[in-house]
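Quantities reported herein were computed from a predicted structural model and do not represent experimental measurements. Convention: sequence-line order gives letters A, B, ...; per-chain numbering from 1.
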Amino acid sequence: MKVSFPHMGISYIGFKHLLEELGYEVIVPPNPTNKTLTYGVKYAPEFACMPFKILLGSYIEVLEKGAEILVSSGGIGPCRAGLYGLVHEKILKDLGYDFVMIILDPPFHNIRDFTRRVLALKQKGIRWNRFLYEVKNAWLKLKLLDKLEQTANEIRARELKKGQTTEVFSEALKMIDEARSRKEILMVQKEAIDILKSVPQDYTKQPLKVGIIGEIYVVLEPYVNFDIERFLGEMGVYVNRSIYLTDYVRYTVWDKKGEAHIKKAAEPYLKQMIRGHGIQSVGETVLYALNGYDGVIQLAPFTCIPEIVAKSIIGKVSKDLDIPVLTINIDEQTGQAGVQTRLEAFIDLLKQRKYLGEQEGKRKIV
Amino acid sequence: MKTYLGIDVGSVSTDLVLIDENNNVLSKVYIRTSGQPIKAVQKGLKLLAESVDLDCIEVAGVGTTGSARYLSAVIVGADVIKNEITAHAVAASALVPDVKTIIEIGGQDSKLIILRNGIVVDFAMNTICAAGTGSFLDQQAARLNIPIEEFGSYALRSKNPVRIAGRCSVFAETDMIHKQQMGHKIEDLIAGLCNALVRNYLNNVGKGKEILPPVVFQGGVAANIGIKKAFEEELGMEIIVPEHHAIMGAIGAAIIAKNECRTGKTNFKGFSVSDLSFSVSSFECKDCPNLCEVINIVMENVLLCRWGGRCGKWENMEHEMQKVQKL
């Protein structure tokens, strides 16, 4: 059986591993391109958000390549993304594609339903202990991928040769992709980080520190966010992303207390859970300000309600805690030139502020 | 004498300026881009060279800004490329040192820049619609058959401005035509349009921003006294329009170039660039489904640079080409 799943940054390496080891022929969703977006925009309702359109486009691409099963994640609202799987299925079936859609909702919401869907994924002849072993391995890989991205951001801001970190990063991805058994994964875990760290860096440099907050899909998928981590990194800015896939899964599935500190930070401004990543965006802005970051960039899909709510609240956080915030709304109409101009101006603003702050600091010491 | 050249190539106008060490404007050129940025830069350079005594000056640094900042930088050999927001802020604070708010309305975009203690602390740009920018005013002036230079004085003559819907330029035009067919005077229509555009600007670009005096109003539209008056009424404060309001971006770029080139030498290719032949061509890269449109910029039959690709491989070839050229 040929199976595929949505593309979301580099997480495909983990999902590909899992499904391959479970005996499927995996069709890896191609990196989203303009073609993906064109498909998505053509068949999606106009006011659906960017993640909906990209996912729809990428489903069409894999179905054209012969995928028979699509695995996706669900959700329990109120963010409408929880229903995207169902709507995608309906649109695609109306277009005449023949496939099975398996949507995995958070398990503890309806454990029987979840088990039924997992059973549908487990092929006969694969034993349960093997199944669990591979789930754990895939998880290990996903965690490693997150760590790799974090490390790359630290190094990119200090790299001596522009673009080298990104080059080495893709080598490391290949290594992780090729590791199969638990032993190999554990081995590559150290190796991948090590080759990244071998990139020549300017250790004396004190880069600007910028936090990225916002909706998970537009934060994770470089095609959608104009490769913002790389763009800023190559301008010499250290980028810290507030969301990583494994953390997100952990917090939503079993470790609900894991993000208690974020919610607590948001509490003076927003107590109500508005789903999406609204409360996290507010809380993370507070945390970035308290941790001495120079600025925050919010990425929001156009029409995303949780992010719109967060945006209006963040204005106050920005004023209270004196941290500049730039919001970028993303949809298929967003022009690259406009985003670039705003980012350049924002970084100039942060540089000036930092310089002035340092001057004042010196004066105080004298 | 050491001078610094600032070039601002925007959607509608191309501005060039030469300043001295004390930020005094020695010479300036303001022409229309007319959809051909390279030609506009060349023409601007030529006019600029004619207006000064080339034997007395030495260009010690060049800065470019505006939406064609990368393109013009390649053409003239710039030392520094800056975004419009920073360039405008630098120019305004050089002129009015304690400026707290900058309103900039150009051909296609409008900006609001908030400064405190001489540094930019916040900014906003119009996002979706170009309502209220120079192009729209231009278009309306042409429709009403009034020279754009006189647009503002018409507005000042109005006693009862008409209320016009200014959220979207298409609706604004529809509304204006409706009011005109009802028999309103042309002065009242124009004053109404100015008020609508100012309201729209403050609601969209200025949303949630603290506008404190001194306020500097610059960009091409600042020449329109009708808009200036509407801003003054709406904000209840005095608005400063600097003498060189239309070329503030270019002045900013020149000042930034001056600060950048204090010690080093300049990449400036000289005023003779205006006589060279430049050509551009483009192709669609079919190596992946992104189908990027890659632009080649050719100077005198030599490939100068390339851009437009998403993955960067075409841009990288640029270095290869330069290596070949050096050999």
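Across all non-hydrogen atoms, the minimal contact from A/Q340 to B/Y70 is NE2-OH, 3.4 Å. For A/R353 against B/I119, the heavy-atom pair with the smallest separation is CG-CD1, 3.5 Å. B/T86 and A/A345 get closest at one heavy-atom pair: OG1-CA, 4.1 Å. The two atoms that bring B/R69 and A/T341 nearest to each other are NH2-OG1, 3.4 Å, heavy atoms only. Taking all atoms of both residues into account, the shortest heavy-atom contact from A/L356 to B/N117 is CD2-O, 4.5 Å. Closest of all the heavy-atom pairs between B/N126 and A/R342 is O-NH2, 3.1 Å.
At least one side-chain heavy atom of B/N83 sits under 4.5 Å from a side-chain heavy atom of A/D348.
No more than 12 heavy atoms of other residues, nucleotides or ligands shown are found within 6.0 angstrom of NZ on B/K39. Heavy-atom contacts from other residues, nucleotides or ligands closer than 6.0 Å to CZ of B/F283 number more than 12. Within 6.0 Å of NZ on A/K205 lie more than 12 heavy atoms contributed by other residues, nucleotides or ligands. Heavy atoms from other residues, nucleotides or ligands lying under 6.0 Å from CD of A/E358 number more than 12. Crowding of B/R116 atom CZ: a count of heavy atoms from other residues, nucleotides or ligands under 6.0 Å exceeding 12.
Within the 4.5 angstrom heavy-atom criterion, only side-chain atoms of A/L326, from C-beta onward, approach chain B. With a 4.5 Å cut-off on non-hydrogen atoms, A/F346 touches chain B through its backbone and its side chain both.
Between the NZ atom of A/K319 and the CG atom of B/D122 there is a distance of 9.5 Å, given to the nearest 0.5 Å.
Using a 4.5 Å heavy-atom cut-off against chain B, the contacting residues of residues 34-56 of chain A are A/N34, A/K35.
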